[in-house]
Amino acid sequence: MNHIKYYSFPETPGAALAGLLNRKTEAMAVAGGTLAAKTLPETVENFVDLKNLPLGYVKKRGGDLVIGATATFDAIDNSKLAKRWAGGVISAAAARCSSQLIRNMATIGGNIARPHSFNIFPAVLLGLDAKVRVLTKTGVKTIPFSALYQPEFRFRPGRDSLILEIIIPGKTRNWACRFEKFAKTEASWEAYLTLFMGIWMKAGVVKELRVAVGALSPRPFRAESAERVLSGAKLAPVSIDAAVLELGRDLDAARAGEFKKEVAVSLFKRFIKERV
Amino acid sequence: MKKKTTGLEAVNGVFEISLGVNGAKRTFAVKNTEFLLDALRRYGYKGAKKGCDTGDCGSCTVIFNGKPALACLIPAFTAHGAAITTIEGLGTVRDPHPLQEAFVEAGAVQCGFCIPGMILSSKHLLDVNPEPSEEEIKKYLDGNLCRCTGYVKQIKAVKAAAKKLRGKGRVSGV
């Protein structure tokens, strides 16, 4: 924070991006600031405050749920629309973030732009097959959430591009989902494990299954082997045990500690058994 | 027509910002390294307390543009144009806010360090939800830590204040 020379508070995403790109000095965009304010790189001289951008919404668009990048955790926690979507998992996840005071300030955009492994939303958005709209100097790009942290995506949100909104596809609206955060205390920022589980069944057959894991590795990941075992199958003790075994292997591949693996596997087993 | 300002530039590392504190227009000169908590205290608003300085304890809570927020996490220059309420803006010794009265009457104050933040969080809760359940009070105050008590009397105080405010037909106490 020692070297901030310019402070801008633009009112449109275009002006904010111009604020990031147009000065010769290093720039950074900040919304809620709960993760960024105390840890600004000393090389940053240009502070672009996103608080005035009209991106604080949670709304439906064409069957999808759309969350603006500057929607706070509190707004998402209390959104009637989010509470009705995917069993309310998005609101429930927002409510598990730290304390009310943090939830009043922190935004979903900041939570995914600064990819701390313990953040709340990465596992949730990965599990819900979310897409992200990002404003870059070459225009607006809509990319799968999973692509946001891949090297092929050449932009750095908050530095040379801006996250505009997150799109949760309509197909997930009626999924049964659960989010679990395993941390030292309920209010701890740094979770040891975040776990998203989502399932969509028809006539007793699993049509869609998502198990997304956060906090174990720099980026969240999907336990795809476990998902594959149950996809298209009926829930039966044999298939559930096989999926649990595969989840354990997925977690071993991520070098999860034994106790985190135990917690994740137990939570998954409980979630699946409730569906039987 | 005057062009709307959308930026400030620091002079020798100092920003001059205009803001509203407890309903009064103020101008602060703040260093680019300074956080709102330090600036407020330097300008005499010492009701905002410096506890953890990392956003964990809630002692520095102020109402920032209508919502309780952690002043220790807000770079001071970003308060330009903001409306802030500190505990000094809520009531006086002669005319305390119903929440302040309720905290005293319930014996909810021991060392008192966390109380300004707790009262400001409670005030906002009662502004948006005049009749909160115990669970809602607990959830709303989960960021305001108290190391003296077990929170029982503070929750009782918030309930009592809610009842008093509903009786007076006054929800916003400022």
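The analysis underlying the following values was restricted to heavy atoms, covering all of them including side chains, and did not include hydrogens, waters or symmetry mates. Each chain gets a letter, A, B and so on, in the order the sequences are listed, and its residues count up from 1.
- Under the 4.5 Å side-chain criterion, counting only non-hydrogen atoms from C-beta, B:Thr6 is not in contact with A:Ser8.
- Residues A:Tyr7 and B:Ile17 fail the side-chain proximity criterion, which asks for heavy atoms closer than 4.5 Å.
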task = Step by step, work out the side chain to side chain contact (heavy atoms under 4.5 Å, CB included) result for B:Leu125 and A:Gln100.
result = CA-CA 11 Å; B:Leu125 170 66; A:Gln100 182 64 46; over 6 Å; no
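- The stretch residues 101-112 of chain A places A:Leu101, A:Ile102, A:Arg103, A:Asn104, A:Met105 near chain B, each with some heavy atom under 4.5 Å from a heavy atom of that chain.
- The CD1 atom of A:Ile4 lies 16.0 Å from the NZ atom of B:Lys31; values are rounded to the nearest 0.5 Å.
- Counting all heavy atoms, side chain and backbone alike, B:Thr54 lies closest to A:Trp189 at O-CZ2, 4.5 Å.
- Contact of A:Asp74 with chain B is made through the side chain alone, with heavy-atom distances under 4.5 Å.
- Residue contact with chain B, scored on non-hydrogen atoms closer than 4.5 Å, involves the side chain of A:Glu11 exclusively.
- Only the side chain of B:Ser121 has a heavy atom closer than 4.5 Å to any heavy atom of chain A.
- Atom CG of B:Asp142 is separated from atom OG of A:Ser98 by 7.5 Å, given to the nearest 0.5 angstrom.
- Note: B:Asn65 CG to A:Lys51 NZ = 6.5 Å, rounded to the nearest 0.5 Å.
- Put simply, the side chain of B:Asn32 does not reach to within 4.5 Å of the side chain of A:Lys5, judged on heavy atoms.
- Only the side chain of A:Asp77 comes within contact range of chain B, with at least one heavy atom under 4.5 Å from a heavy atom of that chain.
- A centroid separation of less than 6.0 Å is found between the aromatic rings of A:Phe9 and B:His80.
- With a 4.5 Å cut-off on non-hydrogen atoms, B:Asp53 touches chain A through its backbone and its side chain both.
- Of all non-hydrogen atoms in B:Thr78 and A:Phe47, the two that sit nearest each other are CG2-CE2, 3.6 Å.
- Under the rule for a side-chain hydrogen bond (donor to acceptor under 3.5 Å, both in side chains), the partners of B:Glu134 that lie at least two apart in sequence or sit in another chain are B:Lys159.
- With a 6.0 Å radius and a threshold of 12 heavy atoms from other residues, nucleotides or ligands, B:Lys153 has its NZ atom at or below the threshold.
- Within 6.0 Å of NZ on A:Lys83 lie more than 12 heavy atoms contributed by other residues, nucleotides or ligands.
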